[in-house]
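Take a look at the structure set out below.
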Amino acid sequence: MPEMAFLVRRLAGAVFVIFGAITLVFLVLYWLPGNPAAMVAGDGASNATIADVQAQLGTGRPLLVQYGSYLWSLAHGNLGTSFATGEPVSSRIWAQLPPSLELTFCSAVLVVFLGVTLGVLSAVYQDRWLDRTIQSGVMFLTSMPDFWLGVLLILVFSVKFHLLPAMGSGSFRQLILPVACLGLKFGGYLERMVRGSVTDVLHDPFVTTLRGKGLREFSILFRHVLRNALIPVITLFGVLVGQLISGVVVIETVFARQGLGRLVVDALGTKDIPVLQGVVLFASAFYVLFNLLIDLSYVWIDRRARL
Amino acid sequence: MQSTRRHFTSLLGSAAFIAATAGRARAVPKPGGALSVAFDGTTVASFSLDPHGQYGRFAPQARVMRSIYDSLVVLQPDQSVAPWLATSWQISPDRRQYTFQLRQDVVFHDGTKFDAAAVKANFDRIQNPANALLSLPQIGPYTGATVVSPYIVQVEFSQPFEPFLHNLSATGLAIVSPTAVAKYGKALGQNPTGTGPFRFDSLTPGSEIQLLKNAGYQWAPANAAHQGPAYVDRLTFSNVPEQLTRVAALQSGQVQVADLIPSQNIAEFKADPDFVFQQKEMLDSNYALQLNNSKAPWDDKDVRQAVKLSLDIDLIVRVIYLGTIERAWSPLSHNLFGSAELELTGSWQPNRALAKSILEARGWQLGPDGIRIKDGKRLTISFLDTQGNREQRLDVMQLVRHQLAASGIELSIDSQPMGNYLQKIENGDYDLIAGAQYTPDPDVLRYTFVPQFRSIIQGGTINDPQLNQWLIEAAAEGNPVQRKQLYLQAQQRIIDQVYAIPIYILRYNLAAASAVQGVTLDTHGFPIYHGASLGNA
């Protein structure tokens with residue numbers, strides 16, 4: 001069962017990466033100066049109150065003890081309790097997660113759609129006017145900061161034409177502008193990769209052979225070229241999804257959406273360590289699992305990758 | 001000149017107010033409908049609408065709480081207090097006992113009757129150290145309350161505590177339902193239950209708060225524009241920290257009200273007939289710079305003076321806020337009881353030549369790059385900051401840097417997350433900090449300047465026995481004239497000794513679609529939606 005061994009190896013690697021991320025975040029946050037108890041107790045709290053809070057939180061204990069108890073509760077499926085609100089971290093993440101996932105998923109779909117369609121068009125019509133137009137558009141979109149693109153979209157579609165809501169989350173209409181913003185920008189990155197990759201494959205000798213055999217250009221492109229061209233693109237798409245997650249954080253702020261972005265910024269400001277650990281754990285798990293799925297997808301796309 | 005202009009502006013303001021009220025008196029507001037407000041709540045992931053709790057001192061959420069909770073008394077523009085949930089009160093001759101007669105028709109949103117026991121339960125809750133509530137300093141030396149009869153409660157202090165009535169008028173001591181406290185405990189903030197014109201419906205953590213009209217509301221404060229329930233059925237607060245988005249949401253009609261309109265958009269909203277813009281000073285300890293005077297060379301009053309004389313604060317405030325707010329002369333904002341704003345206006349002028357001669361006399365000579373040097377040490381001010389550019393404060397500091405450089409003083413900005421910030425304050429590892437705090441009473445000076453009452457977050461290293469004595473005395477002084485005098489002296493000293501360099505007087509502002517009527521700003525500078533309606537019938 002070579003596939004099984006491949007899977008186990010990848011899974012073990014994934015667990016190792018996630019464990020490393022947890023440990024790193026734990027250490028970084030505890031080495032930072034500042035007393036979390038003082039922040040939990042808040043503005044105007046007396047030193048006695050701060051001491052009480054510190055006892056409740058257990059932040060006065062030695063580092064190793066805190067790390068050990070964190071891993072122990074993690075092993076029991078417990079992400080800990082938020083310093084700031086006293087709620088379980090998992091429920092705080094859960095409360096903010098759906099809008100972020102929705103935004104990430106819809107943006108990723110748009111990224112793939114725009115990236116692949118425009119990329120293939122660009123490669124096929126290379127150096128013709130269509131390619132040039134697409135390339136200038138992509139250059140424009142990818143060089144613009146995403147928050148700025150977001151503000152421009154709001155000014156045009158909300159303020160000027162009153163077509164779409166400028167902010168908020170919950171409805172499909174409120175999703176359109178943020179998804180457009182992320183989809184256009186990251187779709188631009190993907191388009192460049194697809195264009196490059198498809199161009200390379202189009203120059204491969206086997207394509208000439210296929211043409212010589214009299215296959216239709218459409219069939220060459222979609223049955224043979226795309227399948228080969230997509231492998232490097234999919235690897236890069238895995239990396240792009242990581243960037244998309246950080247883009248989501250920014251875009252959520254611009255469009256005043258509910259989501260993990262708020263949670264992260266808030267938790268950073270108040271040094272809410274358990275929440276930050278929870279979010280990092282979640283984001284790294286998501287990223288690692290996503291890339292694991294991508295690794296596995298090679299097997300489906302290209303039989304040569306079966307090990 | 002300054003004060004004449006201010007008087008003229010306030011005269012204009014009152015004329016506009018009278019005209020507006022006269023207009024409103026003829027028109028009958030249309031009941032019903034939903035009002036949406038986009039507010040600057042900063043980027044947070046949760047809301048806590050417990051007025052005594054962690055966010056009780058956090059203005060954006062306290063502004064929302066004002067619609068949910070009522071207070072025992074209401075603050076009037078002349079800084080006196082008038083009846084609200086309390087109909088009258090007597091203060092004992094030794095000023096240690098307050099007896100309140102309460103309204104008998106008030107009901108909490110959960111059906112609990114509002115009475116003397118409920119008031120006592122509120123103060124006892126705040127006093128209990130196990131609850132670790134932020135409103136604790138606001139009840140001062142509170143020792144307990146007695147239920148004299150169902151609607152008479154007697155509040156006792158171990159020594160006179162004059163800020164009490166002012167503090168009662170603010171959301172920090174608003175009255176919460178004791179039944180809800182028993183039921184929800186620490187989760188009261190997610191299940192706010194008061195007696196206010198709107199009751200809590202639902203919230204989405206960090207992004208939205210939905211309130212519904214309290215149909216039985218008959219106990220608006222004495223100075224309210226109308227008695228009886230609110231006009232709109234639903235009131236939605238959306239947290240939109242990004243200012244461009246907040247403005248866009250209002251301009252696109254997605255919301256009807258947006259607050260904290262940035263300076264550069266104010267003129268536009270004022271000129272646009274589709275919107276009504278209003279603003280009011282927040283009762284505040286003004287945003288002020290505080291040098292670390294336990295550290296050389298800032299322990300030398302004359303060097304602090306040289307820093308102050310290098311600054312043209314009029315120019316800074318005019319350039320950054322485009323004339324939308326005024327510069328501050330005193331530590332306390334202009335409208336706050338005891339403010340020395342009028343007394344201190346024009347009390348000093350920028351004088352770079354004098355600043356230079358002071359520094360040169362102290363041995364600080366100009367170095368090759370224009371920054372002064374003494375014994376090989378550069379004259380550098382490290383400004384410790386954690387707030388970022390809220391209220392355009394870092395823009396202010398850029399101009400401060402520019403002006404100080406002209407005197408040969410270098411300013412560096414040390415931006416830190418809250419944790420590092422507190423650590424650096426604790427270690428005294430900074431030269432300059434700056435901040436403001438909203439408050440209904442000048443007692444805020446005691447928490448800022450008297451060491452034993454100061455919390456870490458307020459920072460500062462000042463310990464001046466004379467100032468301490470005045471501020472402690474003032475908190476207990478029963479004669480308002482003498483009390484005010486103590487605060488005037490204290491502020492004079494703070495300015496003379498350069499313990500603080502006040503920069504600007506903050507105004508809270510909001511813009512509303514012109515169809516929206518009756519949104520007002522109370523004496524604290526908090527928005528009141530009780531009288532808001534979506535037009536006239």
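Numbers restart at 1 for each chain; the letters A, B, ... are given by sequence-line order, proteins then strands.
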- When rounded to the nearest 0.5 Å, the distance separating CD of Q96(A) from OG1 of T204(B) is 9.0 Å

- Can you tell me if D266(A) uses its side chain to pair, donor with acceptor, with the backbone of A45(B) under 3.5 Å? yes

- Query: Where does Q251(B) contact chain A at under 4.5 Å (heavy atoms): side chain, backbone, both or neither?
  - Reply: both

- Item | V159(A) versus chain B, the contacting section by heavy-atom distance below 4.5 Å | both

- Please state whether the side chain, the backbone, both or neither of Q258(A) comes within less than 4.5 Å of a heavy atom of chain B. both

- Distance col, row T245(B):OG1 vs M167(A):CE, nearest 0.5 angstrom, shows 9.0 Å

- Proximal component of L263(A), with respect to chain B [non-hydrogen, under 4.5 Å]: both

- Note on the structure: One option among G206(B), P241(B), A249(B) has the most heavy-atom pairs under 4.5 Å with chain A, and it is G206(B)

- Query: When you look at S207(B) and R257(A), which way does the side chain to side chain contact (heavy atoms under 4.5 Å, CB included) test go after all the steps?
  - Reply: CA-CA 7 Å; S207(B) 42; R257(A) 288 178 60 81; over 6 Å; no

- Donor on one side chain, acceptor on other, S46(B) and R92(A), under 3.5 Å: yes

- Below 4.5 Å from any heavy atom of chain A, which atoms of V247(B) appear? Answer side chain, backbone, both or neither. neither

- Note on the structure: chain B shares the most heavy-atom pairs under 4.5 Å, among G259(A), P99(A), A166(A), with A166(A)

- Begin with the C-alpha distance, continue with both residues' side-chain angles, and end with the deciding distance and a verdict on side chain to side chain contact (heavy atoms under 4.5 Å, CB included) for Q174(A) and Q254(B). CA-CA 11 Å; Q174(A) 284 165 316; Q254(B) 199 186 346; 3.7 Å; yes

- Any chance OH of Y70(A) has more than 12 other-residue heavy atoms, nucleotides or ligands included, within less than 6.0 Å? yes

